[in-house]
There are 2 protein chains.
Amino acid sequence: MTPSKTRANPLFLRDEELRQAMELLFYAYRDFIAEPDAMLAKYGFGRAHHRVIYFVGRNPGITVSRLLAILKITKQSLSRVLGQLLREDFIVQRTDRVDRRRRLLSLTAKGEELERLLTDRQAKRIARAYRQAGAEAVEGFRTVLRGIINEDDRGRLAARPERG
Amino acid sequence: MTPSKTRANPLFLRDEELRQAMELLFYAYRDFIAEPDAMLAKYGFGRAHHRVIYFVGRNPGITVSRLLAILKITKQSLSRVLGQLLREDFIVQRTDRVDRRRRLLSLTAKGEELERLLTDRQAKRIARAYRQAGAEAVEGFRTVLRGIINEDDRGRLAARPERG
DNA sequence: AAATTAAGTCAGTCTTATTGACATAATTGA
DNA sequence: TCAATTATGTCAATAAGACTGACTTAATTT
């Protein structure tokens, strides 16, 4: 039960430290996801729907291919989820005027309402953790997480908000 | 494409800041998981096998019910995965002497080898991020992640390693 | 002796994801 | 202009990982 400690191993601290980081990430993500999952079930939706609603809400007018690149899933996987959200009027598509192959996705009022409902809970969880930890810890949190993300995708992240 | 900014909204910064945190968590977890996933596929295993191997390796002699509490999945879900790992000799069970209902789980040599293979990659990713971010940022990272985790489970996390 | 706990099993279902093969429409490049 | 490429969408089959519900067995507690 107790983590096995290898005494007199100079690498112990480092290994232990890294494992703790992995566990923190696992537990944090698990709990971060759990609340919205439960709410989505009432709509007959799942986690995948949440991700689509979130990123479309965050990037109004996003194209299908950009969404695929963010989610890193296949077109066929997205299709089922996106199709449901379109049919049930949570998301609308319009054709891009400059390139008419493109479909630009946005949330409807109904979609925005659900988005807020789901995101609010998660935002509260983060806000509580941020408040308790303080500004300096928050900066550290952001810096380390950025470092964990693949370099190619760091650019996708919004820049830090300026303070003042 | 560009996140829509609501000017003159005093809540903007806060909302933006919280959304960035959510996205950092999403991208970091997505990339953190991706490498082991690809390696596991070669064994005919998936993410669920990894989690079991990881937590059994980390807690030698763990009981089935403790493992279920960590993973927060059902017994039936665990059963399929654990059964495979037992049959293919990655994990062994022995009966607890003091309470013979309990099955104590541990990795075999083969299991430890796979565990190391999988964990090493992830550890390297974390180590790189830690190195780049510095000790202070690491402390902040840990503090905020702890705050995100449900209170009941914070006790499950190992205490900070002492420095010196 | 009865109740509870720990583990395991059978059966059926759902969501999310995959690969592979095509189809259509629009845009780009030679 | 015509061929190639790109963006999107669809059909079909498959797999992993999870769920609910119902039950069994063995061991321990009350």
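Bear in mind that the values here come from a model prediction, so they are computed numbers and not experimental data. Numbers restart at 1 for each chain; the letters A, B, ... are given by sequence-line order, proteins then strands.
Looking at residues 41-52 of chain A, you'll see A/Gly46, A/Arg47, A/Ala48, A/His49, A/Arg51 sit with a heavy atom under 4.0 Å from some atom of DNA chain C.
Rounding to whole angstrom units, CD1 of residue B/Ile62 and C1' of C/dA7 are separated by 15 Å. The interatomic distance linking A/Asp37 (CG) with D/dC19 (C1') rounds to 12 Å, in whole Å. We find that CD of A/Gln84 is positioned 13 Å from P of C/dC14, with the value rounded to whole Å. Per the geometry, CG belonging to B/Leu67 stands 10 Å off P belonging to C/dA7, to the nearest Å. If you measure from atom NZ of A/Lys72 to atom C1' of C/dT18, you get 17 Å, rounded to the nearest angstrom. What separates CG of A/Leu78 from C1' of D/dT10 is a distance of 13 Å, to the nearest Å. At whole-Å resolution of the value, CG in A/Leu68 and P in D/dT8 are 8 Å apart. Here D/dT8 presents its C1' atom at 16 Å from CZ of A/Arg94, a figure rounded to the nearest Å.
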_Protein within reach of the bases, or only the backbone? For nucleotides 25-30 of chain C, mark each nucleotide 5' to 3' as B, S or -, using heavy atoms under 4.0 Å._
-BS---
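Using a 4.0 Å cut-off between charged nitrogen and carboxylate oxygen, B/Arg101 and B/Asp96 do not count as a salt-bridge pair. Salt bridge B/Glu139/B/Arg142: present, at least one basic N to carboxylate O contact under 4.0 Å.
Checking the phosphate oxygens (OP1, OP2) of C/dT18, a side-chain nitrogen or oxygen of A/Ser77 falls inside 4.0 Å. A sub-4.0 Å separation between OP1 or OP2 of C/dT16 and a side-chain N or O of A/Arg80 is present.
The salt bridge (Lys or Arg N to Asp or Glu O under 4.0 Å) pairs that include a residue from residues 74-85 of chain A number zero, where partners must be two or more places apart or lie in different chains. Here side chain to side chain donor-acceptor pair (under 3.5 Å) pairs that include residues 82-93 of chain B, with residues two or more places apart or in two chains, are B/His49-B/Gln84.
Side-chain contact of B/Glu17 with A/Tyr130: a donor-acceptor pair under 3.5 Å is absent, judged by distance alone.
For the atom pair OH (A/Tyr27) and CD1 (B/Ile149), the distance works out to 8.0 Å, reported to the nearest 0.5 Å. Between the CD1 atom in B/Ile33 and the CD atom in B/Gln122 there is a gap of 6.5 Å [rounded to 0.5 Å]. Interatomic distance, A/Ile91 CD1 to A/Lys110 NZ, rounded to the nearest 0.5 Å: 11.5 Å.
Annotation: side-chain contact (heavy atoms from CB on, under 4.5 Å) contacts of B/Arg128 (sequence neighbours excluded): A/Arg154, B/Arg125, B/Arg131, B/Gln132.
Ring centroid separation for the pair B/Phe32 and A/Phe26 does not come in under the 6.0 Å cut-off.
No side-chain donor-acceptor contact under 3.5 Å links A/Thr63 to the backbone of A/Leu104.
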Considering only nitrogen or oxygen atoms on both sides, find all protein atoms under 3.5 Å from nucleotides 8-11 of chain C and state each distance.
residue: C/dG8; atom: OP1; partner: B/Gln93; partner atom: NE2; Å: 2.6
residue: C/dG8; atom: N7; partner: B/Lys75; partner atom: NZ; Å: 2.9
residue: C/dG8; atom: O6; partner: B/Lys75; partner atom: NZ; Å: 2.3

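Backbone-only contact: A/Ser65 has heavy atoms under 4.0 Å from sugar-phosphate atoms and none from a base.
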